[in-house]
Amino acid sequence: MAYWLFKSEPDEYSLEDLKAEKNSIGRWDGIRNYQARNIIRDHIKQGDGVLFYYSSCKNFGVAGTAEVVSAPYPDPLQFDPESKYCDPKSPTNNPRWLCVDIQYRQTNKNFIPLKEIKQNEALSDMVLVKQGRLSIQPVSKDEWETIMMLANDG
DNA sequence: GCCAACGTTGGC
DNA sequence: GCCAACGTTGGC
């Protein structure tokens, strides 16, 4: 089992939005970055853990957790002319963009601001700290456990 | 294949 | 609103 960090702008799609979906399962679509796509395609598996991270907002940080509940599959939005994620150049017989379904797990007892992550020695190697921009990132087991401790203590 | 110009992300 | 750190595009 592997762990990942998914970024979302809470105004667009929040952890509460995921929770409110049918069976608390939502489609993680709209990934239009090859690095993130490759991670989905080559590494993300059903049952993996997901840190739900809020970016580009007033309070940015880890809000809670979710679980990957599907295998990767073609993102339907790339073929939807109405969608801002439509990609007319994506070949229908070999879709360029993938997505997965995730299911709500928990909302942190303590919201973990990025500042707190940056201050924590055990989390200094997180991709989040080293390379800010990637929207889907690997998280090590140790990092996951440290985050869970911060999320649930106190 | 290079690289300049442009676009995006996302913390500050 | 700014801008650093990327990623993408397109002319050559």
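Here is how names work: the chains are called A, B, and so on, in the same order as the sequence lines, proteins then strands, and each is numbered from 1. What you are looking at is a predicted structure, and each value in this text was computed from that prediction instead of being measured.
- The distance from atom CG of A:Asn59 to atom C1' of B:dC12 is 14 Å, rounded to the nearest whole Å.
- In this structure, A:Gln35 places its CD atom 13 Å from C1' of C:dT8, rounding to the nearest Å.
- Following rounding to the nearest Å, A:Arg96 (CZ) and C:dT8 (C1') show an atom-to-atom distance of 12 Å.
- Applying the 4.0 Å criterion to OP1 and OP2 of B:dT9, one finds that A:Lys7 has every side-chain N and O outside that range.
- Residues of residues 127-137 of chain A having a heavy atom closer than 4.0 Å to DNA chain B, listed by number: A:Gly132, A:Arg133.
- Nucleic acid contact class of A:Glu9 (heavy atoms, under 4.0 Å, all strands): none.
- Residue contacts for A:Ser56: at a heavy-atom cut-off of 4.0 Å it reaches a base atom on one of the strands shown.
- With respect to the salt-bridge test (charged N to carboxylate O, under 4.0 angstrom), the residues A:Asp75 and A:Arg96 do not qualify.
- Proximity note for A:Phe60 (side chain, C-beta onward) versus C:dG7, C:dT9, B:dG11: the nearest is B:dG11.
- Hydrophobic clustering of Ile, Leu, Val, Met, Phe, Trp and Tyr side chains at less than 4.5 Å, counting indirect connections, keeps A:Tyr73 apart from A:Ile25.
- With rounding to whole Å, A:Tyr34 atom OH is found 16 Å from C:dC6 atom C1'.
- Between A:Trp144 and A:Trp4, every side-chain heavy-atom pair lies at or beyond the 4.5 Å cut-off.
- Here B:dT9 presents its P atom at 9 Å from CG of A:Asn33, a figure rounded to the nearest Å.
- Note on A:Tyr53: only backbone sugar-phosphate atoms sit closer than 4.0 angstrom, heavy atoms only; bases stay farther off.
- Under the 4.5 Å side-chain criterion, counting only non-hydrogen atoms from C-beta, A:Val127 is not in contact with A:Leu5.
- Atom CD in A:Glu116 sits roughly 15 Å away from atom P in B:dG11 (whole-Å rounding).
- In this structure, A:Asp87 does not pair ionically with A:Arg32, as no charged nitrogen and carboxylate oxygen lie closer than 4.0 Å.
- The side chain of A:Lys118 sits closest to B:dC12 out of B:dG10, B:dC12, C:dT9.
- Within the 3.5 Å criterion, the main-chain N or O of A:Ser14 finds a donor-acceptor partner in the side chain of A:Asp17.
- Between A:Glu12 atom CD and B:dG10 atom C1' there is a gap of 14 Å when expressed in whole angstrom units.
- In this pair, A:Tyr13 and A:Trp28 present their aromatic rings perpendicular. The plane angle is above 60°, beyond the 30 to 60° band.
- Atom OH in A:Tyr54 sits about 19 Å away from atom P in B:dT9, given to the nearest Å.
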